Amino acid sequence: MSGRTLPTFTQAEVESHNTAKSCYVTIGTNVYDVTDFVESHPGGPDLVLEYAGKDVTEILKDVDSHKHSDSAYEILEESHIGILGAKTSNGNAQNGSATGVQANGETPFVHPRTGMSCEEDLSKETDYSIDYKEHRFLDLNKPLLMQVWNGGFTKRFYLDQVHRPRHYKGGASAPLFGNFLEPLSLTPWWLIPIFWLPPVAYGTYLASQGFETTLGLAASWGFGLCLWTLIEYILHRCLFHLDDYLPDNRVGITLHFLLHGVHHYLPMDKYRLVMPPALFLVLATPFWKLAHTIFYWNWHLGTAVFCGGIFGYICYDLTHYFLHHQNLPLWYKDLKKYHLAHHFLDYELGFGVTSRFWDQIFGTELITGNVVKAK
């Protein structure tokens, strides 16, 4: 089986599969799922379960314990499901294996899906050559987009790798296009208010012509602002993270990478944290039409609601950037912790960026805390 289509597992994840219902073993850096073989093992299931979650290289070589036939190795080859993440020689883990011992003598919990234990892991520089050799995903020395397009990755492998964060050396931006299109993929945070606040102000002025009172305009505008928080949640959860429904082909995978995957792959890239104006214009156009379809009887009302929503987007994009790269007041520090946990702890929860309100409503709140594993 080609290693290119295999996901990478942490040691902790392999060790967690140690029962008859889910039994993994390793031989060197190769991971095997032998669950279906447990009951049919000639030596009995207990012999297999004794090594569940462990490396079986030595026991396979031990002829005194049990001589293994060629068919046993063929079964293993058919059960090959992934690659074991490696550690660097200086003790820092490559993607998928955050390491270290806390001051109290306990080892930090490493989330098996992201391979990280804390927000500081997001900023640990990735060794390009080791990372590519180990995981066979993307070479950070080369433009990323065509590697995704031509990579031949399965959806399972792609989603496993793209949600294991890397960090480009020096905090710079990794090449995406590698040609004249590159500047279009890099957006500084200050461009968002400069680009969008004037249209919002002008749209609000036009909308005000249809209101008899300022209170009515403010209420409509405020409704749009509040509505944005729900739209933000829905877009993040149902569009940016439509992982289960992502087509298993290179078109779907490449679109996912461009839309949101690159952000999870390189979450601390400061020039790919806010949405390029051209992309947001594409996403915003249907909402302009929707607002005026819903409020068909009053163009000014629809415009006021829409402008309030766009202002909500501006706040969202700026908040997103500051959560990743700025020291914040106490309330925002909690929000920062919450959002960064979405990257290093569990990307299938915690979809709210400006607030966790809708996560609480829809049951996707990410509970953060100092989770550790006993030494």
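Numbers here simply count residues along the sequence, with the first being 1. Quick caveat: nothing in here was measured; it's all calculated off a predicted structure. As a basis for the values below, the full set of heavy atoms in this structure was taken, side chains included, without hydrogen atoms, waters or symmetry mates.
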Inspect the surroundings of OH in Tyr32 and state if more than 12 heavy atoms from other residues, nucleotides or ligands are less than 6.0 Å away. yes

Return yes when atom CD of Gln209 has more than 12 non-hydrogen atoms of other residues, nucleotides or ligands closer than 6.0 Å, and no otherwise. yes

Quick one: do Leu283 and Phe195 end up in the same hydrophobic cluster if we chain Ile, Leu, Val, Met, Phe, Trp and Tyr together by side-chain heavy atoms under 4.5 Å apart? yes

Taking side-chain hydrogen bond (donor to acceptor under 3.5 Å, both in side chains) as the test, write out the residues that go with [X], two or more places apart.
X: Thr303; value: His292
X: Tyr265; value: none
X: Asn298; value: none
X: Asp55; value: Thr26, Thr57

By side chain to side chain contact (heavy atoms under 4.5 Å, CB included), Asn18 pairs with (sequence neighbours left out) Ala52

By ring-ring contact (aromatic ring centres under 6.0 Å, His included), His300 pairs with (sequence neighbours left out) none

Salt bridge (Lys or Arg N to Asp or Glu O under 4.0 Å) pairs touching residues 284-305, sequence neighbours excluded, are none

Apart from Phe351 itself, members of its ILVMFWY cluster (side-chain separation under 4.5 Å) are Leu230, Tyr233, Ile234, Phe357, Trp358, Ile361, Phe362

Residues at least two apart in sequence or cross-chain that pass salt bridge (charged side-chain N to carboxylate O under 4.0 Å, His left out) with Arg356, listed by chain then number, are Asp334, Glu365

Hits for salt bridge (charged side-chain N to carboxylate O under 4.0 Å, His left out) against Asp36, two or more places apart or cross-chain, chain-then-number order -> none

Check your understanding: So, His167 versus Thr126: side-chain donor-acceptor pair below 3.5 Å or not?
Key -> no

In short, side-chain hydrogen bond (donor to acceptor under 3.5 Å, both in side chains) pairs touching residues 176-205 with sequence neighbours left out are Glu182-Arg272, Ser185-Arg272, Thr204-Trp221

For residues 247-257, the side-chain hydrogen bond (donor to acceptor under 3.5 Å, both in side chains) pairs (sequence neighbours left out) are Tyr158-His256, Asp243-His256

(Q) Whether Arg156 and Asp160 form a salt bridge (side-chain N of Lys/Arg under 4.0 Å from carboxylate O of Asp/Glu) is what I want to check. (A) no

